[in-house]
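Below you'll find the structure, written out as structure tokens, and then a few comments.
Lettering follows sequence order; numbering is per chain, from 1.
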2 protein chains.
Amino acid sequence: MHLFWEHGYEATSLAMLREAMGLTPPQIYNAFTDKETLFRKALTRYHQTEIGFALDALSAPVSTREAIRRLLMGAAEAYSRPGKPGGCLFVSGALAASPQAQAIADELKAYRKGSEAAIAERLAKGQAMGDLPEGLSVDGFAKYLAGVMNGMSIQARDGASVEELRILAQTALAALPGQGQNQGASSKE
Amino acid sequence: MHLFWEHGYEATSLAMLREAMGLTPPQIYNAFTDKETLFRKALTRYHQTEIGFALDALSAPVSTREAIRRLLMGAAEAYSRPGKPGGCLFVSGALAASPQAQAIADELKAYRKGSEAAIAERLAKGQAMGDLPEGLSVDGFAKYLAGVMNGMSIQARDGASVEELRILAQTALAALPGQGQNQGASSKE
DNA sequence: AATTTTTCATAGCGATCGATACGAAACCTG
DNA sequence: CAGGTTTCGTATCGATCGCTATGAAAAATT
């Protein structure tokens, strides 16, 4: 999982996986069928072990604003964990791919779209509860938040620290409707 | 350039380049030395022809807020041009790479860092002119804006339309300090 | 026009890709 | 302990990678 996370699907060779797992090629293929299946297993494992913060944040019994804050702050941490590759596997795994790996790229795209849909769902709930203005476009704002998280993933990959990502998240939160004054990116935090 | 933009550096094979350019292998190597040099030529061409909006926006004699607005709106257009691959080559070109292509990944990272630095420079100028509060962290806000643009690049790659990207940009602008009320993501736009 | 020089496309180089055939070692059964 | 079966590591498969040597066609010079 770490190798796919770091180098992406195609750039991770079986030789690297073999060495990392300490397995012989037939053992790998007996256990995982082929490289594509192994990658999909890594995806589900990543989803379960590394980004639980997202589901936690979106399902917590807190205000919509607090839920979004937890979502972005969780991303800041998850994307810059020490000892882990920077960013999000769903972004780094196969943003660009050869025609042969189009299926993998599409699957990762589906994961990203799923995240955005989950955000939109939470926003719609918040709007129904009166946390958000009625005039707000839930889908548009979800696309903004998903975009910010994707951007954080790239910033993390470029070496941004958890503090820098937190400031970025805090800045992004200032775009939330109903904010009287900007709170993010202050040098006094 | 389009091939590298679409598939990334490593996933673009010489066979694809050969067919697209209508050249034989020796012609390619006579003209561009090797694949890496060809990619770097594509990078500089991309920089000159596709993302002039950024330099235009940052150097225009307008308010800081207007400059940032032009920057994000320019990105919305540039990342979703019809007939062009979605997103930004500097992001898609080699976000994840094999160890052999680390030099390419580092070069793209340098381009991204350069963009962020250019934004920070413009923000610092704006702060000196009184456009931005003194307490604002220029670097932190630049990281936010660069992150939003990177996120827009991924959203574009996932099929976001220019309108959706404009709404995203408008939403991101609401995080600008000194904004009384949120203007973005309204369903009435 | 004959000959030399240059240009250039084909064919193939070594290396590596993902994936597997095959022989040896280990293990259970008689 | 012998025989039969399973397990498993090595060695290698065909395909493709980036790249280049070589022979034929074209151009330039006598």
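Put simply, OH on A:Tyr29 is 17 Å from P on D:dT10, counting in whole angstrom units. Atom-to-atom, CD of A:Glu19 to P of C:dC17 comes out at 12 Å; the value is rounded to the nearest Å. The NE2 atom of B:His7 sits 13 Å away from the P atom of D:dG18 (whole-angstrom rounding). In this entry the distance linking CZ of A:Phe39 with C1' of C:dG18 reads 16 Å, nearest Å. Summarising the geometry, the separation between NZ on B:Lys35 and C1' on C:dT16 is reported as 13 Å, rounded to the nearest angstrom. Here D:dC17 presents its C1' atom at 8 Å from CG of B:Leu14, a figure rounded to the nearest Å. Across the protein-nucleic acid pair, A:Leu17 atom CG and C:dC17 atom P stand 11 Å apart, rounded to whole Å. With rounding to whole Å, B:Arg18 atom CZ is found 15 Å from D:dT20 atom C1'.
The residues B:Glu66 and B:Arg70 are annotated as salt-bridged, a charged nitrogen and a carboxylate oxygen being separated by less than 4.0 angstrom. Between A:Glu121 and A:Lys125, no side-chain nitrogen of the basic residue sits less than 4.0 Å from a carboxylate oxygen of the acidic one, so the salt-bridge criterion is not met. Remark: A:Glu50 does not engage A:Arg45 in a salt bridge, criterion side-chain N to carboxylate O under 4.0 Å.
Comparing C:dA19, C:dA9, D:dG18 against the side chain of B:Thr24 picks out C:dA9 as the nearest. Checking D:dA11, D:dC19, C:dC17 against every side-chain atom of A:Pro25, the shortest atom distance belongs to D:dA11. Listed candidates were D:dG18, C:dT20, C:dT10. Nearest to the side chain of B:Pro26 is C:dT10. Nearest nucleotide to the side chain of A:Gln27, out of D:dC17, C:dC17, D:dC8: D:dC8.
Across all strands, A:Asn30 comes closer than 4.0 Å to no nucleic acid atom at all (heavy-atom distances). Here A:Ser98 lies out of heavy-atom contact (under 4.0 Å) with every strand. At a threshold of 4.0 angstrom between heavy atoms, the contacts of B:Thr33 with the nucleic acid are absent.
Distance alone, capped at 3.5 Å, is enough to place a donor-acceptor pair between the B:Lys113 side chain and the A:Asp158 backbone. For the pair B:Gln127 (side chain) and B:Glu134 (backbone), a donor-acceptor distance under 3.5 Å is present.
Taking for each of B:Leu23 and B:Gln100 the nucleotide of DNA chain C with the nearest heavy atom, the 5'-most of the two is the partner of B:Leu23.
OP1 or OP2 of C:dC17 has at least one side-chain nitrogen or oxygen of A:Ser13 nearer than 4.0 Å.
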